[in-house]
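Residue numbers start from 1 in every chain, and the chains themselves are labelled A, B, ... in the order their sequence lines are given, proteins ahead of strands.
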Amino acid sequence: MGLSAWLILAAAVFCIGLFGVMTRRNTVGILLGIELMLNAVNINLVAFSRFHGEVTGMVLTIFAICITVAEVALGLAIVILLFRMRRTAMADQVDWLKG
Amino acid sequence: MTLEVIGFWILAVLLVGSALAVVLTKNLFHSVLWLALALTGTAGVFLMLQAEFLAGVQILLYAGGVVTVVVFAIVVTERLVGETLSHTSRGLVGGATVAGVLLMLLVNTLMRTPVPAVRIPFEADPTHLIGRELMTRYVLPFELLAVILLVSLLSASYFARPED
């Protein structure tokens with residue numbers, strides 16, 4: 001299996017995640033799509049790192065995983081806050097900035 | 001067919017299938033469980049790419065931590081409103097078009113770009129190298145990451161604090 005096979009697999013997962021982000025109405029569903037996209041990026045980083053015999057990509061993956069965990073914690077806290085204020089988790093109904 | 005090719009295809013089917021299930025199921029809770037499967041499949045990808053340490057991190061942090069936190073959030077928000085969260089989708093055609101076109105562009109570009117087909121061996125054990133790089137060349141980003149984690153977790157607990 002060459003590098004391009006792994007890259008195409010990652011591209012497929014990324015596009016599925018993008019589809020989820022664009023179509024889900026629920027904010028938690030959108031977060032799950034973002035998770036998939038970040039995951040695909042990690043696959044890319046590890047694959048490049050492996051095929052070049054260079055460990056930098058794997059170090060970057062550790063950073064990416066940690067940032068994702070922080071992002072999920074913060075995103076879910078915002079979802080809970082949104083629920084308290086609006087009693088909804090639908091992204092469409094969060095339109096306070098609409099004039 | 002070598003073992004590697006078979007493993008790749010099993011993982012590819014598992015990953016793409018569970019990822020599709022994440023974005024297409026109606027039940028939000030099932031969506032999270034499919035995400036756990038997709039993240040475990042990614043750990044398998046890391047294992048096949050000889051990144052054993054990252055596979056462990058992936059399972060512990062993602063499949064363990066993230067999924068648990070998301071399940072908690074769903075349970076808490078459902079209890080706040082007292083009804084099951086609806087999990088519908090909209091703009092399916094537009095979303096599928098954009099994602100499909102992007103996938104075609106990416107695959108097209110990847111097919112035309114020359115990329116290495118053989119693996120260059122690491123000079124030592126990857127886990128050993130990761131540890132050494134983290135503590136020497138990348139020590140500043142590493143410390144910065146600790147600050148980011150602290151700030152984000154503090155602000156998350158501030159946002160989700162009990163109402164007073």
Side-chain angles (χ1 to χ4, degrees), chain A residues 1-9 11-20 22-26 28-29 31-33 35-36 39 42-43 46-47 49-56 58-59 61-63 65-74 76-81 83-84 87 89 92, chain B residues 4-5 8 12 15-16 19-20 22-23 28 31 35 42 45-46 49-51 54 57 61 65-66 69 73-74 76-77 80-81 85 87-92 95-96 98-99 102-103 106-107 110 115-117 119-122 126 129-130 133-134 138 141 145 148-149 152-153 155-156 159-160:
Chain A
M1 284 279 116
L3 174 58
S4 49
W6 297 103
L7 295 185
I8 289 174
L9 174 63
V13 176
F14 184 88
C15 289
I16 294 172
L18 181 68
F19 173 78
M22 285 192 297
T23 54
R24 283 302 194 199
R25 303 185 101 107
N26 194 308
V28 180
L31 267 177
L32 297 186
E35 286 299 298
L36 278 179
N39 219 39
N42 286 346
I43 294 178
V46 175
S49 162
R50 184 66 206 89
F51 279 84
H52 285 276
E54 171 71 45
V55 86
T56 309
M58 295 191 182
V59 177
T61 311
I62 294 180
F63 290 157
I65 289 177
C66 289
I67 301 245
T68 313
V69 171
E71 172 252 323
V72 169
L74 208 48
L76 288 172
I78 292 174
V79 169
I80 290 178
L81 193 67
F83 240 94
R84 288 231 185 91
R87 296 275 154 206
D92 294 352
Chain B
E4 202 201 343
V5 178
F8 173 81
L15 253 182
V16 173
L20 277 175
V22 170
V23 295
L28 184 57
S31 220
L35 181 76
T42 313
V45 170
F46 289 171
L49 291 168
Q50 284 145 345
L54 285 177
V57 169
L61 267 185
V66 168
V69 171
I74 293 172
V76 167
T77 43
L80 277 178
V81 277
L85 295 177
H87 191 42
T88 48
S89 302
R90 64 164 142 69
L92 285 175
V98 174
L102 180 66
L103 182 61
L106 284 174
V107 171
L110 282 176
V115 287
R119 302 175 177 201
I120 302 168
F122 286 115
L129 286 175
I130 289 173
E133 291 281 292
L134 265 183
Y138 297 103
L145 193 69
I148 289 176
L149 272 180
S152 65
L153 292 180
S155 44
F159 276 146

Practice problem: Ignoring hydrogens and angles, tell me if any N or O in the side chain of Thr23(A) forms a donor-acceptor pair with the backbone of Leu92(B) under 3.5 Å. | Solution: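 Between the backbone of Leu92(B) and the side chain of Thr23(A) there is no qualifying donor-acceptor contact (under 3.5 Å).
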Exercise. Could you tell me whether the side chain of Arg50(A) and the main chain of Gln50(B) form a donor-acceptor pair under 3.5 Å?
Key: no
Name the region of [X], side chain, backbone, both or neither, that has any atom closer than 4.5 Å to a heavy atom of chain B.
X: Glu71(A); answer: neither
X: Leu9(A); answer: side chain
X: Ile8(A); answer: both
X: Val46(A); answer: both

Practice problem: May I ask you to name which of Asn39(A), Ile62(A), Ile78(A), Leu31(A) has the most heavy-atom pairs under 4.5 Å with chain B? | Solution: Asn39(A)
Quiz prompt | Largest heavy-atom contact set with chain B, pairs under 4.5 Å, which of Val79(A), Ile67(A), Ile43(A), Val72(A) | solution = Ile43(A)
Taking every heavy-atom pair that is under 4.5 Å apart, which of [options] has the most such pairs with chain A?
options: Gly95(B), Pro121(B), Ala51(B), Ser155(B); result: Gly95(B)
options: Ala12(B), Ala19(B), Gly65(B); result: Ala19(B)
options: Val107(B), Leu54(B), Leu35(B), Val69(B); result: Leu54(B)
options: Pro126(B), Gly91(B), Ala96(B); result: Ala96(B)

Closest non-hydrogen atom pair, [X] against [Y]:
X: Trp6(A); Y: Val45(B); value: CZ3-CG1, 3.6 Å
X: Leu74(A); Y: Ser152(B); value: CD1-O, 3.6 Å
X: Thr56(A); Y: Tyr138(B); value: CG2-OH, 2.7 Å

Given a strict heavy-atom distance threshold of 4.5 Å, which part of [X] is in contact with chain A: side chain, backbone, both, or neither?
X: Leu103(B); result: both
X: Leu153(B); result: side chain
X: Leu49(B); result: both
X: Leu106(B); result: side chain

Practice problem: List in chain and number order the residues that pass side-chain hydrogen bond (donor to acceptor under 3.5 Å, both in side chains) with Thr68(A), two or more places apart in sequence or in another chain; answer none if no residue qualifies. | Solution: Tyr62(B)
Quiz item: Under 4.5 Å between any side-chain heavy atoms of Phe63(A) and Leu134(B), yes or no?
Solution: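 Yes, their side chains come closer than 4.5 Å.
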Exercise. Output all residues satisfying ring-ring contact (aromatic ring centres under 6.0 Å, His included) with Phe159(B), sequence neighbours left out; order by chain, then residue number.
Key: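 None.
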Quiz item: Does one side chain, of Asn42(A) or Thr61(A), offer a donor that lies under 3.5 Å from an acceptor on the other?
Solution: no
